[in-house]
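Heads up, the thing below is written out as structure tokens.
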Amino acid sequence: MSTTIKDTQKMIEDVLDAYPEKAKKERARHLAANDPTGQCSTCKVKANTKSRPGVMTVRGCAYAGAKGVVWGPVKDQITISHGPVGCGQYSWWSRRNYYNGQTGIDTFGTMHITTDFQEKDIVYGGDKGLDAALHELRELFPLAKGIGILSECPVGLIGDDIEAVSKRVAKEFGIPIVPVRCEGFRGVSQSLGHHIANDTIRDYVLGKGKLERSTPYDVALIGDYNIGGDAWASRKILEEMGLRVIAQWTGDASVNELGIATKAKLNLIHCYRSMNYICRHMEEEYGIPWDEFNFFGPTKIYASIRKIASHFDDHIKENAEKVIEKYKPVMDAVVERFKPKLEGKKVMLYVGGLRPRHTIGAYEDLGMEVIASGYEFGHNDDYNRTYPVMKEGAVIMDDATLHELEEFTRRMKPDMVGSGIKEKYSYHKMGVPFRQMHSWDYSGPYHGFDGFPVFARDMDMTVNNPAWNLIRRKK
Amino acid sequence: MKAIRIKDHNELFQEQAYLDQFENKREFEAPWPKEKVKEIAEWTKTAEYQEKNFARKNIKINPAKACQPLGAIFCSSGFDGTMPFVQGAQGCVAYFRSHLNRHFKEPLAAISTSMTEDAAVFGGLNNMLEGLENAYTLYHPKMLAVCTTCMAEVIGDDLNAYIRTAKEKELIPKELPVPFAHTPSFVGSYVNGYDNMMKGILSAITTGKKGEPNGKINIIMGFDTYTGDYHEIKRLLSMMGVDFTLLSDASAIFDSPNTGEYKLYPGGTPLEEAMDSINASATIALQQYSTLKTMDYIRKEWSQKALVLPPIGVKNTDFFFEQLSKLTGKPIPQEIEDERGRAVDAMVDSHPYVHGKRFALVGDPDLLLGLVSLLMEMGGIPVHIVCSMGDKKFEDEMQGLLAESPFGSEAKVYAGKDMWHLRSLMFTDPVDILIGNSYAKFLWRDTGTPLIRMGFPLFDRHHLHRYPVIGYQGVLNLVTMIVNRVLDEMDRKTIDTMSFDVIR
């Protein structure tokens, strides 16, 4: 074992010292010093297990995964937060899944629609009210292409049968009514919510859309939620390559697109964590191959374009090279402008989904080094994809706590941290440059050729803003 | 080399390449014909649609309210060294923290007991025990303030027994204050959560503390998300020479200075002072609807004078100072009288731009009562008043207030209604100005009515919460916001005409 790994392991042990015995033992399994070669047996983290009570996990719940991530962005379906008023309020348009359409008329993305459970619903059940709510929505929003019922905690606890209500009303309305059992107490994190949402797409809408004609170049763009317009920037590249994106999941998605993805020749998946389930299903049931790609930063974009093109004929392969040739000068100019200001800066990441590994290349394009990275709700397969792309001795964190993030920051002294809104302002207080890497801090897109210049600009403004120097630190 | 122009989403997606992409994507969307969308859009503006909209009983669309535990967390985080501790599912706490982070642009620590399926079956005792031990050992709080999510409420967790067990097992020290409150999300809203937690904390930590009167006045702010108000009340009471205890001083945690150090507990009401609050000569609440149970408790159990004196608007602030002066025997100082004079001077100067303007308002009960009072004081006409968390009591009180002024005659109060109801009202009976939180911007977009951002949450403008809305200084701030929004809109509308005046 190398000294770098040993040093990191020692630091992790020190940080763990603050925990009571049981929590310490458990948390130790989720923190590791990275070994990119995979030879060190103690350098792998345990993942996708319950958070310890009381440690201040950053994680959310199944509802957040199903409503906030997967179903919420589907633009022409009404998404009901079924239960008390809070869940829908707190997740109201906070993920910026951009879409085109007229809100409240033919699209519903920025709306907060809830059955607003009262005590009587808990006592007598909410099914009757739900049935009536569906009818009222149908009256007011006749252009809705579907209705999703996203269950909050009480629904599962009081034994409501939302499936029966959905079935009955769907028949009456002739549109999909999708019951999603994503009560927040299910599973250990957002992750189960993604899975449940994938399953309901499979059961209620997949294969049911209309597509007039097909071409050999039809692909589906899966696992891009169009945060700040990401999916649009990615789609632009695919279209310039000569591919026909017949479905975009689920950023700016329509119910129809959820239905026709089964007609794609290839499924292209960006956020593996949240949508690998449906890709595997389409592979098994419809024989559609799928491939992962990474559109963060030029190095990964070029490699991904070539990888995607390799599934197609020479025509697409030639286009791929042309696209790379077209954008390379712009990418080089971006690197030339920002790299001198960011070279050698150390980054700590603690995010979700694909970002803890996918953004590493983009930072490296700018000469920055990711010294620690972790997932809120990753599984083993996410970490197996992460170990090789990080340096030896880097810190790998699973389900990190406020205590751990703070302590690692003190000891490793990153030049910037990328994480979420709950972490953001404690870093501001510490005087550590910080960027929200869930929402792009209300900026974006960060995907694709159009996204990288924005990413580079944002990292520069974060690391190099002069206001950080005004903080008067106590000696 | 010529610098490349970097376009983010604000500009990028206006480019022709993207506009073409969007148009071409419609092939796969099975969209409604554009004429149909237009037809329905027009229909939603009609009286017929409004009738359907108001007939709904079972679904809320864009309500301006959130659930109890948010208020409980807000309340407990204002006590020094206190860690909010939530028995229930962990996603809720992630949401509460994010919501408050986004409004204040400040960090907030809060604990969850991460209850999952097994807790749903067996109860949350083990989660509570391990949670208390971990939270105490790791984050060293002086007090753990327990509230609940709806999960713990539905399965009926016995908080009192669980906390006692944790102490008996010596997982946390016996002397550690661990007050609790039941805060079911399916009852009321965050104003009730604030109330329940405040009552829970006060009743727990003042037990056995009844002693000599300390001559102080307790001040309870209520669910007040303007940090400027906390600084303002301290300034005013100090100016008047009143000895006071601010119960839950949220300004410490939600308005802490940047010192290059993250402090988990940056201050707040000292626990010793909070424990001694039972010995004060009186308690004044600056909000009514977030302190109903607490004030009732203080009246009955502490036998203290308990007055509700919300100081928003001139008359309300006058009444606040009169009562405070009566209560303490301290005269109202000339400086405060001067502040009043300045606020009234500003109202007189600005009245031509507010008099006769028609307003729609949506928000929390106490803020609405204050704003309506202020608007009528300078000739504004409240028209649609929507309070999603409002009840019959609020409706009656607002009606009473409106009846006091001729400017209140056009108003209708909509308790329990939401912003989709308000959308209909604003189409069928348009107003000049809308007052509401950040989510009201969708009403601005749909109806074109200029929005003044007030209340909670304020996500899309920075630092508004740092300016007080209470007292005479608050009047000045509110008047400034209102009149300048009117003038901004006037400029926007007259930009191509001779009325684009430089002196107004």
Side-chain angles (χ1 to χ4, degrees), chain A residues 18 20 23 51-57 59-61 63-64 84-86 89-90 100 102 105-106 111-114 116-119 122 129 132-133 136-137 139 143 153-154 157 184-185 210 228-229 246 254 256-257 333 403 421-422 425-426 429-431 443-444 450 453-454 457 471 473-474, chain B residues 4 6 8-9 12-13 18 21-22 28-30 32 37 40-41 52-53 56 58-63 65-67 89-91 94-95 97-99 101-102 105-107 109 111 113-117 120 127 130-135 137-138 150-151 154-155 185-187 258-260 262 442:
Chain A
S51 305
R52 300 325 306 166
V55 297
M56 215 176 320
T57 173
R59 280 174 171 177
C61 63
Y63 166 90
V85 70
Q89 175 78 39
Y90 307 128
N100 287 304
Q102 196 170 348
I105 310 301
D106 65 346
M111 296 173 76
H112 163 32
I113 297 178
T114 175
D116 188 17
F117 263 28
Q118 301 299 302
E119 203 147 21
I122 303 294
E136 289 171 0
L137 289 171
E139 281 273 302
L143 301 189
C153 289
L157 296 169
F185 61 82
K210 278 189 194 140
I246 62 164
S254 53
N256 194 61
E257 285 166 82
H403 164 75
I421 186 71
K422 300 191 288 298
Y425 297 107
S426 48
K429 296 291 183 211
M430 285 186 246
S443 176
D450 286 344
V454 183
R457 176 199 72 180
I471 297 170
R473 290 168 202 273
K474 286 196 185 105
Chain B
I4 9 156
I6 294 172
D8 63 23
H9 60 89
L12 184 63
F13 300 120
Y18 281 103
Q21 182 196 109
F22 301 154
F28 311 104
E29 295 179 346
W32 292 96
V37 175
I40 297 294
K52 276 183 195 291
N53 194 5
R56 74 182 143 94
N58 297 281
I59 195 84
K60 294 279 161 58
I61 305 169
N62 300 349
K65 69 167 180 174
C67 63
Q90 70 197 10
Y95 277 149
R97 293 176 68 198
S98 314
H99 209 63
N101 295 147
R102 289 181 177 126
K105 321 282 182 216
E106 293 291 325
I111 293 286
T113 55
S114 299
M115 280 163 64
T116 53
E117 285 102 331
N127 295 71
E130 192 185 338
L132 287 171
E133 185 191 15
N134 283 340
T137 314
L138 206 50
C150 49
M151 178 184 185
V154 172
I155 66 174
S185 305
F186 44 83
V187 176
N258 197 320
T259 59
Y262 169 55
F442 296 119

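These numbers were taken from a predicted model, which means no experiment stands behind them. Naming: A, B, ... by sequence-line order, numbering from 1 per chain.
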For [X] and [Y], work out which heavy atoms get closest and say how close.
X         : Y         : result
Cys150(B) : Pro84(A)  : SG-CG, 4.0 Å
Arg52(A)  : Ser114(B) : O-OG, 4.1 Å
Arg457(A) : Asp8(B)   : NH2-OD2, 3.0 Å
Pro154(A) : Val154(B) : CB-CG2, 4.1 Å
Ala41(B)  : Gln102(A) : CB-NE2, 3.5 Å
Asn134(B) : Pro53(A)  : ND2-O, 2.9 Å

Can you tell me how far the [atom1] atom of [X] sits from the [atom2] atom of [Y], to the nearest 0.5 Å?
X         : Y         : atom1 : atom2 : value
Leu138(B) : His403(A) : CG    : NE2   : 5.0 Å
Phe28(B)  : Glu257(A) : CZ    : CD    : 8.0 Å
Ser51(A)  : Met115(B) : OG    : CE    : 14.0 Å
Ile421(A) : Lys105(B) : CD1   : NZ    : 6.5 Å
Phe442(B) : Met111(A) : CZ    : CE    : 10.0 Å
Ile59(B)  : Thr114(A) : CD1   : OG1   : 6.5 Å

Chain B interface, residue from [options] that has the most non-hydrogen pairs under 4.5 Å:
options                                   : value
Phe117(A), Tyr90(A), Phe185(A)            : Tyr90(A)
Ala23(A), Gly228(A), Ser254(A), Cys153(A) : Ser254(A)
Leu143(A), Thr57(A), Leu137(A), Val85(A)  : Leu143(A)

Item to check | Check ion pair Lys429(A)-Glu106(B) (N to O, under 4.0 angstrom) | outcome: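 Answer for the salt bridge query: yes.
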Let's test your reading of the structure: which of [options] forms the most heavy-atom pairs below 4.5 Å with chain A?
options                                  : value
Leu12(B), Ile111(B), Asn101(B)           : Asn101(B)
Thr116(B), Ile40(B), Asn53(B), Asn58(B)  : Asn58(B)
Ile6(B), Leu132(B), Asn127(B)            : Ile6(B)
Lys65(B), Glu133(B), Met151(B), Lys52(B) : Lys65(B)
Ser185(B), Pro63(B), Ala109(B), Ala89(B) : Pro63(B)

So for [X], is it side chain, backbone, both, or neither that comes closer than 4.5 Å to the heavy atoms of chain B?
X         : answer
Glu136(A) : side chain
Ile113(A) : both
Lys422(A) : both

Checklist entry - Is there a side chain to side chain contact (heavy atoms under 4.5 Å, CB included) between Leu157(A) and Ile155(B) once you walk through the steps? => result CA-CA 8 Å; Leu157(A) 296 169; Ile155(B) 66 174; 4.1 Å; yes
Checklist entry - Just by modelled atom types, is the His112(A) backbone N or O under 3.5 Å from a matching donor or acceptor in the Asn62(B) side chain? => result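 Judged by distance alone, yes, a pair lies under 3.5 Å.
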Item to check | Test item: Gln90(B) side-chain N/O and Cys61(A) main-chain N/O as donor-acceptor pair under 3.5 Å | outcome: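 A pair under 3.5 Å: no.
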Item to check | Residues Tyr18(B), Asp450(A); criterion side chain to side chain contact (heavy atoms under 4.5 Å, CB included); working and verdict | outcome: CA-CA 11 Å; Tyr18(B) 281 103; Asp450(A) 286 344; 2.5 Å; yes
Checklist entry - Would you say the side chain of Phe186(B) lies within less than 4.5 Å of the side chain of Gln118(A), judging by non-hydrogen atoms? => result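 Gln118(A) does not reach Phe186(B) side chain to side chain.
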Item to check | Pair Glu29(B), Asn256(A): side-chain N/O donor-acceptor within cut-off below 3.5 Å | outcome: no
Next on the checklist: Does Met56(A) form a side chain to side chain contact (heavy atoms under 4.5 Å, CB included) with Arg97(B)? I'd like the steps, not just the answer.
Outcome noted: CA-CA 11 Å; Met56(A) 215 176 320; Arg97(B) 293 176 68 198; 3.6 Å; yes
Item to check | Met430(A)/Tyr262(B) under side chain to side chain contact (heavy atoms under 4.5 Å, CB included): CA gap, chis, key distance, verdict | outcome: CA-CA 5 Å; Met430(A) 285 186 246; Tyr262(B) 169 55; 3.7 Å; yes
